[in-house]
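Quick caveat: nothing in here was measured; it's all calculated off a predicted structure. First the proteins, then the strands, lettered A, B, ... as listed; each starts at 1.
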Amino acid sequence: MKKLIALSVMALLSLGLGTSAAYADDHAKQKVVYHINSDDEKLLKAALGNIQNHINAVGKDNLDLRVVMHGPGVDLLKLANKNPDFQDKVSNLKRQGVHFNVCNNTLVGRKIDYKNDLYDVSKEDIVPSGVAELAILQSQGFSYVKP
Amino acid sequence: MNNQEQNFSDEFLNAFVDDQLTPEEKAQVYARLSGDETLSRQICELRKTRDLVQLAYKQPPMPARGLATLSAGRKIGLGVAAGLMLLVGGITGWFLHQPSANQVISVAQNGPGDDTPAKVLFHVSDGHTEHLKGVLDDVESLMQYYRRSHQTARVEVITNGEGLGLVLAGISPYAERVRQMQKEYHGLTFVACQNTIDRFQEELGITAKLLPGVVVIDSGVAQIMRRQHQGWAYIQG
């Protein structure tokens, strides 16, 4: 019986070691998508704060964090174009590896010129449909957060 | 409540849950559903059983589309047979696979041209007109995305709390739009929460009359958890 307990403890321990080792591995990054479709300035500011806190808690190297904006949510990057506080926060997050993805349907529907109207958006940041992107990312194992 | 009326047989309700009735037959059930709590609960139970059986599979089988074209009589028989096969298959599958929690929970990978349907749920709990419009716009743009990329999709719009207003006859600001979207997109279902319906009755004295084609489930929150467990993506509308 003692032997059995010792064996179980060892098995549990090795399991624990295994997972923590895997966690450091690139493939075991925590994957998370933040969904933003509101243009409420307070909410947007809080969302950027949430994301920074998230990075502080998990560590930027252990995290693949995407922000998907569509509809009124695209205003986040409009604000960042004009408001230095927002701009600082967004570029800070980008430096820590956060991807900001913009919905192409929204760009077309709202006639937004991403080069001039939005802060620091390049072609690779644009996804065909923001809502579909949320579904696709979840199917790839991303957790969903709506601030 | 429904003593005077003829009760639906179990076979008929099973066929309803498996989406194998004609539009007319479905309309009969829907017409009764809004006023008949016992029937709602009965259907909830059937759905739950079906979902549990499907959970035993790694990839839940879809109801066969071909059945919809058969005659009504054969359809019900086939529905029962299919139900039995599902049950037997489910139990056998359970013993054969012994699927780990991971396998069951993992979200189905899908991309354009893939046969596995994309599965997405929208959770609607805010009833403001502007908000509801935004949700319907999002649902529609998603359905169009899947259509453009030739991908089959099942999308559920699950309403609870104030969000129930979206699917209430005489209250919904978008009744006509909901009807059009149901007609336009095959894989789209609007779902209403029985708990909220009960609460509206108790607190506000409103007897909820649902728009045609809206499906009632026991609890919106429970349905959201079931769907996520089955690998559906979650989007808060």
NE2 of B:H131 to OG of A:S38: how many Å apart, nearest 0.5 Å?
10.5 Å
Check the pair B:F122 / A:V131 against side-chain contact (heavy atoms from CB on, under 4.5 Å), numbers first and verdict last.
CA-CA 10 Å; B:F122 282 82; A:V131 182; 3.6 Å; yes
In terms of heavy-atom pairs under 4.5 Å with chain A, which of B:V120, B:D138, B:V139 leads?
B:D138
Flag yes if more than 12 heavy atoms outside B:E130 fall under 6.0 Å of its CD atom; otherwise flag no.
no
Heavy-atom side-chain proximity of A:L134 to B:Y234 below 4.5 angstrom:
no
In short, B:A233 meets A:A135 closest at the heavy-atom pair CB-CA, 3.8 Å
Grab the two heavy atoms, one from A:Y144 and one from B:Q236, that are nearest each other, plus how far apart they are.
OH-N, 2.7 Å
If I measure from the heavy atoms of chain B, does A:P128 come under 4.5 Å with its side chain, its backbone, both, or neither?
side chain
Please answer whether the main-chain N or O of B:W232 pairs with a side-chain N or O of A:Q138 as donor and acceptor at a distance below 3.5 Å.
no
Which residue pairs pass the side-chain hydrogen bond (donor to acceptor under 3.5 Å, both in side chains) test with at least one member in residues 40-55 of chain A, sequence neighbours excluded?
A:Q30-A:H54, A:Y34-A:H54, A:Q52-A:N56, A:Q52-A:Q96
